[in-house]
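Remarks on the structure that follows.
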Amino acid sequence: MALDHAILVSLLEKPGSGYELARRFERSIGYFWTATHQQIYRVLKRMESDGWVDVRDVPQHGRPDKKEYSVAAAGRDALSAWLHAPIEPESVRHDLAVKIRGAAFDDPAALIGEVERHRQAHTDRLARYLAGEARDFGTPAPEDGRPDGDDPRVTDTPTDVDEPRDSGGQSGVERPLDAERELQHAVLRGGIAYERMMIAWLDDVLATLARFRTARS
């Protein structure tokens, strides 16, 4: 996927300025694609030249006008063509996994601090995802945020499908299926599941490395 497609999706969800797009990439779009401000502005300029996006000046009180971007017909066509084209499953490149294997030829226990640092990073990201889910989809986050809690959201069948909710997250109120909202939530649930999987794996790695520290002592 090119950054172009991620920008098109974001602008179809809501037109915005380059700054507003960058903020979205720091939040929800960052679940699956990252980009710097410079990259976003560079691609926006090219997409404007190619006729994929329209731009208009929006007056702001007490501040310079801002440029607001929206998707043009050519941009919709480009996104549609990409959506209907097959893509290959992504290959995983995991530096930490190589380090863990390589530790067999050094001191395995010496890697514990590094693995703990990675675990904390995934724990922090999981907490952000859960907070975002509670904020944007009205789903209460577990009190402790642990990956191994009995959280009904990580199931084979999402609760939103079994029990329709109203816009405030309350069950029992039938409403039309909102493709944009439901698919945004599906992507976020994937991010949550991935972070939980990584934490569980790193816990297993830490338990394995600790055995070598015990054996050495």
Side-chain angles (χ1 to χ4, degrees), residues 1-37 39-40 43-44 47 52-54 68-73 75-87 89-90 121-142 145 147 149 151-199:
M1 179 181 74
L3 177 56
D4 310 49
H5 302 122
I7 289 176
L8 287 171
V9 169
S10 182
L11 290 177
L12 283 170
E13 291 174 346
K14 185 179 181 180
S17 66
Y19 174 78
E20 290 164 342
L21 270 175
R23 292 284 294 168
R24 293 180 211 169
F25 272 81
E26 292 172 357
R27 296 180 60 189
S28 59
I29 298 178
Y31 301 149
F32 56 91
W33 193 268
T34 58
T36 66
H37 289 215
Q39 289 172 321
I40 291 169
V43 172
L44 275 174
M47 291 170 69
W52 284 20
V53 297
D54 293 323
E68 183 181 84
Y69 295 88
S70 59
V71 179
R76 280 183 172 269
D77 291 343
L79 181 64
S80 180
W82 177 75
L83 289 172
H84 288 86
I87 57 175
E90 294 183 357
H122 286 286
T123 300
D124 293 344
R125 191 175 300 132
L126 174 61
R128 291 197 301 272
Y129 287 0
L130 291 174
E133 185 180 36
R135 179 193 66 233
D136 297 336
F137 301 100
T139 308
D151 187 345
R153 283 167 294 165
V154 184
T155 59
D156 291 336
T157 304
T159 54
D160 289 52
V161 175
D162 293 336
E163 193 173 19
R165 300 174 181 272
D166 65 14
S167 58
Q170 301 299 316
S171 61
V173 179
E174 191 74 30
R175 63 183 176 85
L177 193 62
D178 183 337
E180 181 178 328
R181 178 180 174 84
E182 295 296 331
L183 296 179
Q184 285 178 356
H185 198 184
V187 170
L188 177 54
R189 288 196 300 269
I192 290 170
Y194 174 78
E195 296 305 326
R196 285 181 164 146
M197 179 274 291
M198 286 299 300
I199 293 169

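Only this structure's heavy atoms are used, side chains among them; waters, hydrogens and symmetry mates stay out.
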(message) Any heavy-atom pair between the side chains of Leu11 and Leu44 that's under 4.5 Å?
(response) yes
(message) If we ignore hydrogens and angles and just use 3.5 Å, is the side chain of His185 paired with the main-chain N or O of Arg181 as donor and acceptor?
(response) no
(message) Suppose we screen for side-chain contact (heavy atoms from CB on, under 4.5 Å). Which residues come up paired with Asp77, at least two apart in sequence or across chains?
(response) none
(request) Would you give the length of the straight line joining atom CE of Met197 to atom NE2 of His122, rounded to the nearest 0.5 angstrom? (result) 8.5 Å
(message) Working to the nearest 0.5 angstrom, can you tell me the gap between Thr123 OG1 and Arg128 CZ?
(response) 11.0 Å
(request) Please name all residues satisfying salt bridge (Lys or Arg N to Asp or Glu O under 4.0 Å) with Arg76, sequence neighbours left out, ordered by chain then number. (result) none
(request) Output the distance between atom CG (Leu21) and atom OH (Tyr69), rounded to the nearest 0.5 Å. (result) 9.0 Å
(request) Check whether any side-chain heavy atom of Leu8 sits under 4.5 Å from a side-chain heavy atom of Met47, and report yes or no. (result) yes
(message) Can you list everything that forms a side-chain contact (heavy atoms from CB on, under 4.5 Å) with Ala22? Sequence neighbours excluded, please.
(response) His37, Ile40
(request) List in chain and number order the residues that pass side-chain contact (heavy atoms from CB on, under 4.5 Å) with Gln39, two or more places apart in sequence or in another chain; answer none if no residue qualifies. (result) Leu3, Ala35, Thr36, Arg42
(message) Does any part of the side chain of Trp52, heavy atoms only, come nearer than 4.5 Å to the side chain of Leu79, both counted from C-beta?
(response) no
(message) Has Arg125 got a side-chain atom pairing as donor or acceptor with Glu195's backbone, closer than 3.5 angstrom?
(response) no
(request) For Glu20, enumerate each residue passing the salt bridge (Lys or Arg N to Asp or Glu O under 4.0 Å) test, keeping only those at least two apart in sequence or located in another chain. (result) Lys66
(message) Using the salt bridge (Lys or Arg N to Asp or Glu O under 4.0 Å) criterion, which residues pair with Glu13? Sequence neighbours excluded.
(response) none
(request) With rounding to the nearest 0.5 Å, note down the distance linking CZ in Arg189 to CZ in Arg196. (result) 12.0 Å
